[in-house]
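The structure appears right after this line, and notes come after that.
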Number of protein chains: 2
Amino acid sequence: MTDAPLQTVTNAARLLKAFLTREESLGVSELARRLGLGKSAVHRLLTTLATEGLVEQDPATGGYRLGLVVFELGEAVRVHMDLHAAAGSVLAHLREETGESAQVGMLDGHDVVYVDRLESSHALRLFTETGRRVPVHCTSSGKVLMAFASEPVRERFLATASLTRHTPQTITDPDEMRRALGTVRARGWADAVDEREIGIASLAAPIRDRHGAVVAAIGIGAPVSRFRAMPRKRLARVVVEAGEAVSRRLGWSEDVMSLQKES
Amino acid sequence: MTDAPLQTVTNAARLLKAFLTREESLGVSELARRLGLGKSAVHRLLTTLATEGLVEQDPATGGYRLGLVVFELGEAVRVHMDLHAAAGSVLAHLREETGESAQVGMLDGHDVVYVDRLESSHALRLFTETGRRVPVHCTSSGKVLMAFASEPVRERFLATASLTRHTPQTITDPDEMRRALGTVRARGWADAVDEREIGIASLAAPIRDRHGAVVAAIGIGAPVSRFRAMPRKRLARVVVEAGEAVSRRLGWSEDVMSLQKES
DNA sequence: ACCGTCGTTCCGTAAAGCGGAACGCACTGT
DNA sequence: ACAGTGCGTTCCGCTTTACGGAACGACGGT
């Protein structure tokens with residue numbers, strides 16, 4: 001990281017990320033504009049990536065889109081996730097118990113990425129797509145992940161993250177956030193009501209790997225109306241127990257907790 | 001494509017693909033060996049990709065693995081796939097009807113990539129992971145996709161693909177394959193018994209988009225023992241109907257078939 | 001028949017990335 | 001304790017490479 005990053009590779013990576021907008025297909029000129037590069041550079045990048053199968057060209061329109069190799073790679077990521085296997089039935093149980101959409105998220109930088117989910121069967125439900133990225137500071141999953149992250153990571157987050165205001169309820173002050181995370185750490189779960197978007201509420205709890213490190217968060221999301229109707233205490237217990245169930249499947253056991261000081 | 005591909009980007013792409021082996025994590029030296037590059041080059045590639053989030057370093061072992069951004073990108077690919085939405089419930093129905101694992105595959109080069117699947121509930125079942133790549137010439141899905149591909153694509157495949165023998169039943173002769181694909185095209189479905197692996201059988205039918213082009217294949221896979229016990233004709237009808245059901249959801253209607261000559 | 005825009009191609013030059021060697025560190029077997 | 005061996009990382013100079021800018025042919029509105 002002390003080295004200057006490879007410019008061309010960086011461009012290629014940015015190019016790929018441009019497709020995260022999930023548009024049907026993107027043209028050379030359009031991409032060149034968004035990336036601030038010359039058309040020829042983008043075209044060369046695209047043809048190169050195409051020979052590797054990372055992107056493909058729509059023969060009809062001439063535009064480009066992500067290739068199936070990217071899909072393959074994405075699926076290969078699930079491997080670091082025994083999580084995927086461990087969480088499956090627990091998510092189902094959690095949805096059954098609460099009737100709401102349930103999801104598992106992991107921390108990546110200052111964002112949470114949802115890696116698994118199961119939707120509520122209510123007509124009015126929360127849509128959560130796997131692979132979606134949401135901010136840390138205004139979601140229950142994010143607060144759990146940050147509360148249980150290592151102290152340097154957490155302090156770095158508080159120092160550098162822009163706690164963007166999304167609603168009047170969003171926590172935007174670093175000190176207030178630090179206090180909030182302390183509370184989360186103490187009681188073992190987090191909630192977020194109207195913090196990211198008015199009308200949405202969520203509650204989440206940590207998932208630990210076999211070393212006790214919090215690697216993911218499991219939680220439920222619901223419309224605030226239904227959320228308020230549920231007894232908060234029972235709901236928290238259900239979600240925390242779901243987190244513990246997944247953690248056990250990952251090889252974690254509560255007994256070793258006491259052994260865990262700093263390494 | 002007439003241009004010489006960007007070497008650095010090609011290296012980066014190959015580097016990413018090295019992770020398709022789904023190993024927990026890979027080290028700099030190991031990757032350098034596999035790619036035939038210098039350690040320093042690989043290291044620079046990795047750190048660059050890491051700053052973009054495409055890979056991440058395991059702080060404990062120093063090794064690298066794919067990052068969550070790759071997972072995001074992979075999920076974004078599903079968009080070209082209204083397929084994912086369209087196939088969901090049909091897969092469930094197909095599994096219920098046959099009791100066997102059901103899957104949807106797309107063509108990519110000389111391979112089939114499974115993009116969706118649902119597993120049998122039998123104890124002895126076929127494991128099919130999404131994101132897995134299998135050869136065209138010895139799978140029922142592959143034969144369907146190639147049979148209904150455009151003629152240039154098909155002839156190109158017959159001319160250039162190495163029809164590797166996996167079992168005594170594998171079709172390895174291009175002419176025999178051409179005849180087999182003709183049969184598949186005529187009757188509208190394909191099967192493969194013991195062709196990829198002894199003991200495994202599968203049957204697949206095409207999925208068409210709204211223009212009538214075959215974009216994917218849907219099929220079931222089972223142990224040969226159970227497969228033989230099922231009446232082939234009924235099974236084929238069920239699978240073909242599943243394919244048609246998905247096709248209809250993609251906007252295809254049989255009526256326009258007659259209008260479809262070469263564009 | 002005109003413009004605007006698309007994807008693609010060509011070329012000269014500046015800078016970017018490669019290999020090779022050296023460093024610090026963590027293990028391992030003596 | 002101690003070399004010895006592997007790791008990930010860093011540095012540097014030479015050559016290669018990949019960038020921008022301009023030009024081309026094809027399309028599709030107007």
Side-chain angles (χ1 to χ4, degrees), chain A residues 1-19 21 23-67 80 152 211 262-263, chain B residues 1-19 21 23-67 80 152 211 262-263:
Chain A
M1 195 160 328
T2 95
D3 244 349
L6 299 185
Q7 176 206 292
T8 310
V9 174
T10 305
N11 287 342
R14 295 232 160 90
L15 181 56
L16 289 174
K17 289 200 212 169
F19 289 96
T21 59
E23 284 156 279
E24 260 294 327
S25 91
L26 290 168
V28 172
S29 307
E30 177 62 25
L31 285 165
R33 242 173 273 120
R34 294 197 196 177
L35 300 174
L37 293 173
K39 274 206 297 183
S40 64
V42 171
H43 180 255
R44 248 169 309 127
L45 283 169
L46 284 168
T47 52
T48 304
L49 292 171
T51 64
E52 295 297 324
L54 293 181
V55 304
E56 57 190 28
Q57 187 171 23
D58 184 338
T61 70
Y64 290 82
R65 57 177 174 231
L66 291 177
H80 327 308
H211 309 103
E262 288 77 48
S263 62
Chain B
M1 198 171 308
T2 93
D3 243 348
L6 299 185
Q7 176 207 292
T8 310
V9 174
T10 305
N11 287 342
R14 297 233 160 91
L15 181 57
L16 288 175
K17 289 200 214 169
F19 290 97
T21 59
E23 285 156 279
E24 260 293 329
S25 91
L26 291 168
V28 172
S29 307
E30 177 62 24
L31 285 165
R33 243 173 272 123
R34 293 199 196 176
L35 300 174
L37 294 173
K39 275 204 298 182
S40 64
V42 171
H43 180 255
R44 247 169 309 126
L45 283 168
L46 284 167
T47 51
T48 304
L49 291 171
T51 64
E52 295 297 323
L54 293 181
V55 304
E56 56 189 30
Q57 188 171 22
D58 184 339
T61 71
Y64 289 83
R65 56 177 175 232
L66 291 178
H80 327 308
H211 309 104
E262 288 77 47
S263 64

(Q) Looking at dT9(D), I'd like to know if its phosphate oxygens (OP1 or OP2) sit under 4.0 Å from a side-chain N or O belonging to Tyr64(B). (A) yes
Q: Scan Leu37(B), Leu35(B), Val55(B) and name whichever one has a side-chain contact (heavy atoms from CB on, under 4.5 Å) with Leu15(B).
A: Leu35(B)
Q. Closer than 4.0 Å, any side-chain N/O of His43(B) to the OP1 or OP2 of dT9(D)?
A. yes
Q.
Without decimals, in angstroms, what is the distance between Leu31(A) CG and dC6(C) C1'?
A. 13 Å
Q | Spacing between Leu46(B) atom CG and dC18(C) atom P, to the nearest angstrom | A | 12 Å
Q) Distance-only, no hydrogens or angles: does the Thr48(A) side chain make a donor-acceptor pair with backbone N or O of Leu6(B) under 3.5 Å? A) yes
Q: Give a yes or no answer on whether the side chain of Ser25(B) reaches the backbone of Gly63(B) with a donor-acceptor pair at less than 3.5 Å.
A: no
(Q) So that I can compare with my own list, what are the stems of DNA chain C, taken as at least three consecutive Watson-Crick or G-U pairs with distances under 3.5 Å? (A) C:3-30 with D:1-28
**Q.** Closest contact, heavy atoms only, Glu56(B) versus Gly67(B)
**A.** OE1-CA, 3.9 Å
Q) So, do Glu52(A) and Leu16(B) sit near enough that their side-chain heavy atoms are less than 4.5 Å apart? A) no
Q.
Tyr64(B) and side-chain contact (heavy atoms from CB on, under 4.5 Å): which single residue from Leu49(B), Thr47(B), Asp58(B), Leu45(B) fits?
A. Thr47(B)
Q | Gap between atom CZ of Arg33(A) and atom CG of Leu26(A) - 0.5 Å precision | A | 11.0 Å
Q) What one-letter contact string describes nucleotides 16-21 of chain D from 5' to 3', where B marks a base within less than 4.0 Å of any protein heavy atom, S marks contact via sugar-phosphate atoms alone, and - marks no contact? A) -SSBBB
Q | Option among Thr51(B), Leu54(B), Val28(B) that satisfies the side-chain contact (heavy atoms from CB on, under 4.5 Å) test with Leu46(B) | A | Val28(B)
Q) Roughly how many Å is it from CD in Gln57(B) to P in dC7(D), rounded to a whole number? A) 15 Å
